[in-house]
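Written out below as structure tokens is the structure these notes cover.
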Amino acid sequence: MDLTYSEEEEAFRARLREWLAATLPQLPPRPDPADWPGRRAYDLGWQRRLYDAGYAGLHWPVDAGGQGATPTQHLIYLEETERAGAPYVGANFVGLLHAGPTIAAEGTAAQRARWLPPVLRGDEVWCQGFSEPDAGSDLASLRTRAVRDGDDYVISGSKIWTSHAEVADWCELLVRTTPVSETVPKHRGITWLALPMDAPGVTIRPLRTLAGSTEFAEMFLDEVRVPVGNRVGDENDGWRVTMVTLSFERGTAFVGEVVACRRTLGQLAAEARKNGRWDDPVLRRRLGRLNAEFSALWRLTQWNVGEAQRTGGVPGVGGSVFKLRYSHARQELYDTAAEVLGPDSLDLGREWNLDRLSSLSYTIAAGTSQIQQNIVAERILGLPKGR
């Protein structure tokens, strides 16, 4: 694979840099991190600016409302927006990075027309209703039931770790439409639905994290009616559709964060030089190795995105290799930040310390490291499944 940039790609980079330089100073002040309605408004305002400038859904196919950009242009976009300190996708990361790409790949023409333009324009926010109290890493064990009643599914159950549920308009929801039995294994009988969050019977209870934030919530569903037309894929085919969602979540959703981590690494080196910790050869070696680690992850990202484009736009199992290594590298990065900061690492108001706390979840979120190791072993290395 040619990993150099063409003249056309560098011209794209120059135009993007010019737009960012003109646009970022016009943004309003960022809201308080605890103000989720304010953060929703801020994030969607940024999304609308991207849409108006032709940068929304840059890598989405044209028939899904995107710009049909090349994988390399998409990576350039991520590089430049991160380096410029532009806002992240924020409250609508599920819509832009998970649900939207899944609907683009698996939805009908009518579903794509209904749900994708509002995501790209910054009109609607999505959340993800996958995990349950007893079905996290073993997602196929989910028990939230959906019973067909005419043109509706009637849903009862609960979900947990539902990101931004309190400000979401829609939820990508997994439900069990056929009970597990001797003839129906747990991976069968699951269906992928789009749930309107204002439907009667939906109750949201925010969860407070170790860092004091409330971006996660519990969601309770009490005989909630969802139209059959909101089903993406066939009934009982939701596990396959879910694998498409998870391939995006593991394969491309963290791409921008690699660039952010590389920027953080440079800032840590500068801080170490300033406070005298640069004199420690062990710390310098650790920073150097992390630099090599994130450079390799960026190259792996380029390969994964290019491979996804070659095979139809859906990331493959290479995303699990990336997710596995990135999760641990991110944790090590912020452990190193604590070494650089010394006693200041106990001050949650100090830069990088909240990131250190959030990094603890990365080996769990989007599939635990143990799950990723199983995927790599079975689907890439061809090892036998565990008993």
Side-chain angles (χ1 to χ4, degrees), residues 1-5 9-10 13 71-85 88 249-308 315-342 345 351-370 372-373 375-377 380-381:
M1 176 183 291
D2 183 6
L3 298 179
T4 60
Y5 296 114
E9 289 161 349
E10 291 295 359
R13 185 192 299 275
T72 303
Q73 287 175 323
H74 179 215
L75 294 178
I76 289 172
Y77 166 83
L78 293 170
E79 283 183 311
E80 295 302 323
T81 51
E82 283 290 349
R83 286 171 178 168
Y88 184 54
E249 185 175 23
R250 297 163 182 169
T252 57
F254 292 113
V255 169
E257 296 190 29
V258 175
V259 184
C261 285
R262 295 175 75 181
R263 185 177 70 244
T264 297
L265 190 60
Q267 294 170 339
L268 286 175
E271 177 67 21
R273 288 187 177 95
K274 185 170 70 174
N275 67 17
R277 296 184 183 275
W278 187 255
D279 296 335
D280 182 352
V282 175
L283 176 63
R284 290 202 306 273
R285 280 197 298 271
R286 192 169 185 183
L287 288 169
R289 185 170 54 77
L290 281 168
N291 183 57
E293 182 94 40
F294 283 108
S295 295
L297 280 167
W298 183 247
R299 290 305 192 189
L300 176 60
T301 294
Q302 291 177 304
W303 187 88
N304 281 343
V305 171
E307 186 69 7
V317 292
S320 289
V321 177
F322 170 85
K323 167 62 171 61
L324 177 63
R325 192 55 232 161
Y326 170 71
S327 298
H328 292 271
R330 183 183 177 91
Q331 289 180 349
E332 187 174 355
L333 171 66
Y334 287 105
D335 284 346
T336 304
E339 291 185 33
V340 171
L341 291 176
S345 64
E351 190 175 14
W352 304 313
N353 290 331
L354 286 178
D355 290 317
R356 187 185 182 204
L357 291 180
S358 70
S359 74
L360 299 175
S361 69
Y362 276 66
T363 47
I364 301 172
T368 66
S369 290
Q370 291 78 13
Q372 307 307 326
Q373 288 169 338
I375 292 172
V376 171
I380 297 178
L381 302 179

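Keep in mind it's a predicted model, so treat the numbers as computed, not measured.
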Between [atom1] of [X] and [atom2] of [Y], what distance do you get to the nearest 0.5 Å?
X      : Y      : atom1 : atom2 : result
Phe294 : Glu332 : CZ    : CD    : 8.5 Å
Leu297 : Leu290 : CG    : CG    : 10.0 Å
Leu268 : Leu341 : CG    : CG    : 7.0 Å
Asn291 : Cys261 : CG    : SG    : 12.0 Å
Arg285 : Asp280 : CZ    : CG    : 8.5 Å
Gln331 : Leu333 : CD    : CG    : 11.0 Å

### Task
Just jot down the side-chain hydrogen bond (donor to acceptor under 3.5 Å, both in side chains) partners of Gln267, sequence neighbours excluded, or say none.
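With sequence neighbours excluded, Gln267 shows a side-chain hydrogen bond (donor to acceptor under 3.5 Å, both in side chains) to no residue whatsoever.
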
## Note on the structure
Residues passing the side-chain hydrogen bond (donor to acceptor under 3.5 Å, both in side chains) test with Arg284, sequence neighbours excluded, are none

Could I get the full list of salt bridge (charged side-chain N to carboxylate O under 4.0 Å, His left out) partners for [X], not counting sequence neighbours?
X      : answer
Glu293 : Arg325
Arg262 : none
Arg263 : Glu82
Arg277 : none

### Query
Under the side chain to side chain contact (heavy atoms under 4.5 Å, CB included) test, which residues partner Thr81, sequence neighbours left out?
Leu20, Tyr77, Ala86

### Message
Using the side chain to side chain contact (heavy atoms under 4.5 Å, CB included) criterion, which residues pair with Ala270? Sequence neighbours excluded.
### Response
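Here no residue qualifies.
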
### Side-chain touch Trp278/Leu287, heavy atoms, less than 4.5 angstrom
yes

### Closest non-hydrogen atom pair, Leu283 against Ala272
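For Leu283 and Ala272, the tightest heavy-atom pair comes out as CD2-CB, 4.3 Å.
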
#### Entry: Salt bridge Glu79-Arg83, side-chain N to carboxylate O under 4.0 Å
yes

